Structures are given as C-alpha cells and as structure tokens.
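Excluded from the calculations below are hydrogen atoms, water molecules and symmetry mates; all remaining heavy atoms, backbone and side chain alike, are included. These numbers were taken from a predicted model, which means no experiment stands behind them.
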Amino acid sequence: MQPFSFATTAQILCESGSARRLAELCRERGASRVLIVSDPGITRFGLLDGVLPGFAQAGVAVEVFDQVIADPPEPIVLNAVERARALGADLVVGFGGGSSMDVAKLIALLAHPSNSQALKDIYGVGNARGQRLPLIQVPTTAGTGSEVTQIAIITTGETTKMGVVSPLLLPDLALLDAELTLGLPPAVTAATGIDAMVHAIEAYTSKLKKNPLSDLLAREALRLLAANLHEAVHNGQNREARQAMLLGALLAGQAFANAPVAAVHALAYPLGGHFHIPHGLSNALVLPHVLRFNAATAAPLYAELVPLLLGERFQGGSTEQRCTAFIAELAALSERCGLPSRLRDAGVPQAMLPTLASDAMQQQRLLVNNPREVNEADALAIYRAAY
Ligand SMILES: NC(=O)c1ccc[n+]([C@@H]2O[C@H](COP(=O)([O-])OP(=O)(O)OC[C@H]3O[C@@H](n4cnc5c(N)ncnc54)[C@H](O)[C@@H]3O)[C@@H](O)[C@H]2O)c1
Ligand SMILES: [Fe+2]
C-alpha cells in the first residue's frame with residue numbers, strides 16, 4: 001500500500017434544523033463575540049432569521065458581515081478582517097456557499113490577535129503560520145465541501161484566483177442543516193451538486209494522492225449525490241434529498257481535500273475567471289469532454305464508479321461499455337437539470353478558446369493530479385469539443 005496522510009474537520013454535525021442551535025454551539029466553545037460571515041443573498045432570503053435570536057438567549061454577542069460576493073476578491077477579505085478586529089471576535093462562523101466559507105477561513109486566521117501576517121504573504125501551500133480563531137462552517141449550498149477542506153480561494157486580479165492552503169484553515173465544526181438549503185434555486189442546486197460530483201470523480205482518479213480513505217469517501221459521495229440530485233433540483237423542498245446532498249458534498253470534500261482534483265477543475269477555472277460563470281457550471285461544461293480525454297487511461301476507474309452513478313439502471317458490460325455509460329450519464333446531467341451544456345450557450349466567444357487553453361496550463365497544481373497528461377493543444381481540443 002502507498003503511504004498516505006488524511007486530515008479533515010474535527011467534528012461534523014449532520015442534522016436538519018441544527019442551525020437553530022448555532023449560538024449554543026458557539027457558547028459551548030467558549031465564544032462571547034461571534035462574527036458570522038455571509039453574503040447579501042443569504043440575508044435577503046432570511047436564512048439567518050431562525051439563527052440570530054438564539055444568540056441573545058445564549059448571551060453571546062453577534063455581528064453579521066454579509067458583504068461577501070461570489071469568487072470573493074481580496075478587499076472583501078481585508079474589510080471583513082477589520083470588522084472582526086473591531087468586534088473583538090473570538091469565533092468566526094462561515095454561513096453560506098463556498099465564497100462565504102472561504103472568506104470565513106481567512107478571517108479566522110488573519111483576525112487572530114497574535115497574527116500579523118498579511119494576506120498577500122500567505123498564498124500558496126503551507127505559508128500561513130500561527131493560530132486562528134475557532135471556526136464553524138455552515139454550508140448553505142451542497143457543493144464546494146469548503147467546510148472540510150484546508151483551502152480558501154480568493155480572486156486576486158481581473159481573471160486570476162489564488163489559494164491559501166494550510167491545515168490551519170480546517171474548520172473545527174461543520175454543521176449540515178438541510179433546512180437552510182430548501183430554498184436554494186434549481187440552477188444553483190444543479191451547478192453546485194455537479195461540482196460536488198466532480199470532486200468525488202476527480203478524487204477517485206487523482207494520480208498522486210488517491211488512497212483507500214479518499215476512495216471510500218468518493219464512492220459514497222457519488223452514490224448519495226447521484227441518487228438525490230434530480231430530486232433536489234426538481235423538488236427542492238424534499239428535506240431528505242437536501243440532507244443527502246449536503247452529506248454527499250461533504251464526503252466529496254473530504255475525499256478531494258486529501259486526493260486533489262485535476263483537469264476538470266483546471267479547465268473550469270479560466271471560465272470563472274474570464275466570464276464569471278459560476279464554479280459548478282464551469283465544471284459541468286467541460287466535464288464530459290475531459291472524461292472522454294482521460295478515458296484512455298482512467299476507463300477502468302470510471303467503470304468502477306458507474307454502478308454508483310446509475311444505481312438500479314446499471315446494466316453491467318465490459319470496462320469500455322461501463323466507461324461509455326459513465327460519461328454518457330454525466331453528459332446528460334446538465335440538460336436534465338436545466339443548465340446550458342455547451343460553452344457557446346454559456347456566453348463564451350469561440351475566439352477566446354486559445355486564451356482559455358493557455359490559462360488552463362497555469363493550473364499545474366491541479367494538472368499534476370490528472371490521470372492523463374494534458375498539454376495546451378489537448379486543452380484547446382477539449383474546449384473545442386465543449387464549444
Ligand atoms: N475551499 C474550497 O475547498 C473550495 C472548493 C471549490 C470552490 N470553492 C470556491 O467556492 C466559491 C463557490 O461557492 P458556491 O458554488 O457554493 O457559491 P457561492 O458561495 O458563490 O454562492 C452562490 C450564490 O448562491 C446563493 N445562495 C447560497 N446558498 C443559498 C441558499 N441556501 N438559498 C438561496 N441562495 C443561496 C448566494 O447568495 C450566492 O448568490 C468559489 O469562490 C470557489 O472558488 C472553494
Ligand atoms: Fe469544485
């Protein structure tokens with residue numbers, strides 16, 4: 001067996017309705033001043049309405065910073081750190097999608113009284129030092145798995161993103177409450193759900209760090225996500241399906257945090273950078289085309305996953321037939337969920353494809369994990385197929 005290491009969030013609470021106990025959970029951790037980090041959509045939808053009253057009852061001061069925007073840029077993080085310092089926050093809660101949770105991670109680190117590091121100095125792997133404030137994550141999308149990953153992704157330029165990667169960013173508690181996701185719109189449910197499925201698939205085929213634990217998690221994640229995506233998209237009020245999606249996304253997060261994602265994400269990032277296509281949709285647009293490219297080496301692994309994807313519809317067959325069925329099912333998902341399935345339908349100009357291919361090559365951190373080597377000409381061919 002290959003040696004491996006595995007790290008994850010210390011505690012996971014998977015219980016519908018549990019967000020109403022958030023204040024209590026903060027107090028149990030010794031908190032007296034809590035900063036909740038969120039985005040304007042979350043407050044507008046009233047998702048915090050059932051959560052905030054508990055803080056007065058628990059005698060815990062609370063402030064909400066709800067200025068996070070999708071693909072958060074640096075100034076948002078720096079403003080939020082100021083707010084946390086002014087409050088004297090002694091615990092940070094990320095409450096929202098991946099964007100809010102990623103910002104919360106960095107606030108917990110940078111607003112710790114002992115920390116004097118600047119954000120610009122901690123990008124990359126293992127550059128963050130010292131201590132962070134206690135950190136609770138409450139995902140309101142079932143997608144990124146940020147509640148169990150040691151990375152925060154920040155937009156640093158017009159079209160570029162950078163990650164801070166450190167075990168310090170692993171939260172103390174992830175709280176999965178389906179009640180918060182009942183009103184998640186179908187398009188966001190679909191895109192974030194497919195993002196989570198991609199995390200599971202790419203972890204399972206990750207070239208360097210795939211290991212028995214990540215495999216176990218990726219398989220169960222894919223089973224849960226595939227079995228519940230349709231119901232969550234088309235009947236969003238189904239609490240069971242929503243809770244299963246949250247758990248699936250978390251398990252996929254645990255898998256890819258330890259067996260990193262690869263070319264699907266590497267080719268998706270430039271789409272987010274240039275055209276602000278949501279992260280999950282960017283992944284969905286390139287997914288079947290990257291898998292077809294990868295099949296030359298990864299077909300046996302895709303064939304192993306197909307029963308989990310198809311459930312009772314699985315019909316067996318040779319490795320090649322199973323691999324074909326796997327990719328065909330994933331290729332059909334976007335349309336079934338009401339998402340655009342071609343780059344041209346997502347507003348990407350054809351003339352930009354070479355730029356996208358060149359940008360994707362910058363994602364070597366991810367490409368090294370791909371089961372098949374991808375060069376710039378390959379990337380361009382994949383974008384053309386996806387066009
Ligand atoms: N840290 C990680 O491991 C990791 C992994 C993948 C992606 N990311 C990052 O996460 C971000 C994407 O996160 P995301 O896809 O969760 O989207 P998001 O956090 O950007 O949110 C998308 C939109 O959904 C809305 N929304 C969220 N929950 C809702 C709910 N329950 N009801 C109604 N509306 C709701 C928000 O208001 C927002 O407008 C990107 O910045 C990406 O880079 C991080
Ligand atoms: Fe992702």
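Atoms CD1 and CG, on I151 and L170 in that order, are 11.5 Å from each other to the nearest 0.5 Å. With values rounded to the nearest 0.5 angstrom, L169 atom CG is found 7.0 Å from I122 atom CD1. Atom CD of Q131 and atom NE2 of H112 lie 4.0 Å apart (nearest 0.5 Å). Atom CG of L353 is separated from atom CD1 of I382 by 12.0 Å, given to the nearest 0.5 angstrom. Here the straight-line distance linking atom CD1 of I327 with atom CG of L291 works out to 5.5 Å at 0.5 Å rounding. Of the inter-residue distances, the one linking L343 atom CG with L285 atom CG reads 5.5 Å to the nearest 0.5 angstrom.
Of the possible donor and acceptor atoms, none in the side chain of E376 sits under 3.5 Å from a partner among the backbone N and O of A357. The main-chain N or O of D195 is never found under 3.5 Å from a side-chain atom of N283 such that the two would form a donor-acceptor pair. Here the side chain of R85 pairs a donor or acceptor atom with the backbone of L110 at under 3.5 angstrom. A distance-only check finds a donor-acceptor pair linking the side chain of N369 to the backbone of V261 [under 3.5 Å]. Side-chain N or O atoms of N228 include one that pairs as donor or acceptor with a backbone N or O of L224 at under 3.5 Å. Distance alone, capped at 3.5 Å, places no donor-acceptor pair between the Q67 side chain and the I76 backbone. Counting only distance, with no hydrogens or angles, the side chain of D177 and the backbone of G17 share a donor-acceptor pair below 3.5 Å. The main-chain N or O of Y269 is never found under 3.5 Å from a side-chain atom of S282 such that the two would form a donor-acceptor pair. At distances below 3.5 Å, not a single donor-acceptor pair connects side-chain atoms of T319 with backbone N or O atoms of P300. Formation of a donor-acceptor pair under 3.5 Å by the T8 side chain with backbone atoms of Q254 is not found in this model.
Under the 3.5 Å distance criterion, with hydrogens and angles disregarded, a donor-acceptor pair is assigned to the side chains of N370 and N294. Looking only at atom types and distance, the side chain of R242 has a donor-acceptor partner in the side chain of T189 under 3.5 Å away. Judged purely by distance below 3.5 Å, without hydrogens or angles, the side chains of S146 and D102 pair a donor atom with an acceptor atom. At a cut-off of 3.5 Å, with distance as the only test, a side-chain donor of D90 or S32 sits close to an acceptor on the other residue.
Ion pair E220/R223 flagged as a salt bridge, since at least one NZ, NE, NH1 or NH2 atom sits closer than 4.0 Å to an Asp/Glu carboxylate oxygen. D172 and R132 are joined by a salt bridge, as a carboxylate oxygen and a charged side-chain nitrogen come within less than 4.0 angstrom of each other.
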Query raised in the report: Checking salt bridge (charged side-chain N to carboxylate O under 4.0 Å, His left out) for the pair R27/E24: CA distance, chi angles, key distance, verdict?
Result: CA-CA 5 Å; R27 199 185 48 189; E24 234 174 89; over 6 Å; no

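Note: H265 and H279 have tilted aromatic rings, judged against thresholds of 30 and 60 degrees for the angle between ring planes.
Tracing side-chain contacts under 4.5 Å through hydrophobic residues (I, L, V, M, F, W, Y), one reaches I136 starting from L52; they form part of the same cluster. No chain of hydrophobic side-chain contacts below 4.5 Å, direct or via other Ile, Leu, Val, Met, Phe, Trp or Tyr residues, connects V286 to I153. With hydrophobic clusters built from ILVMFWY side chains whose heavy atoms lie under 4.5 angstrom apart, I36 shares a cluster with L91.
Side chains of T205 and K210 form no contact here, defined as non-hydrogen atoms less than 4.5 Å apart. At least one side-chain heavy atom of I194 sits less than 4.5 Å from a side-chain heavy atom of S334. Residues R336 and E329 meet the side-chain proximity criterion, which asks for heavy atoms closer than 4.5 Å. L367 is listed as a side-chain neighbour of M361, based on a closest heavy-atom distance under 4.5 Å. Under the 4.5 Å side-chain criterion, counting only non-hydrogen atoms from C-beta, K209 is not in contact with S214.
Residues in residues 35-82 take part in no ring-ring contact (aromatic ring centres under 6.0 Å, His included) pair, two or more places apart or across chains.
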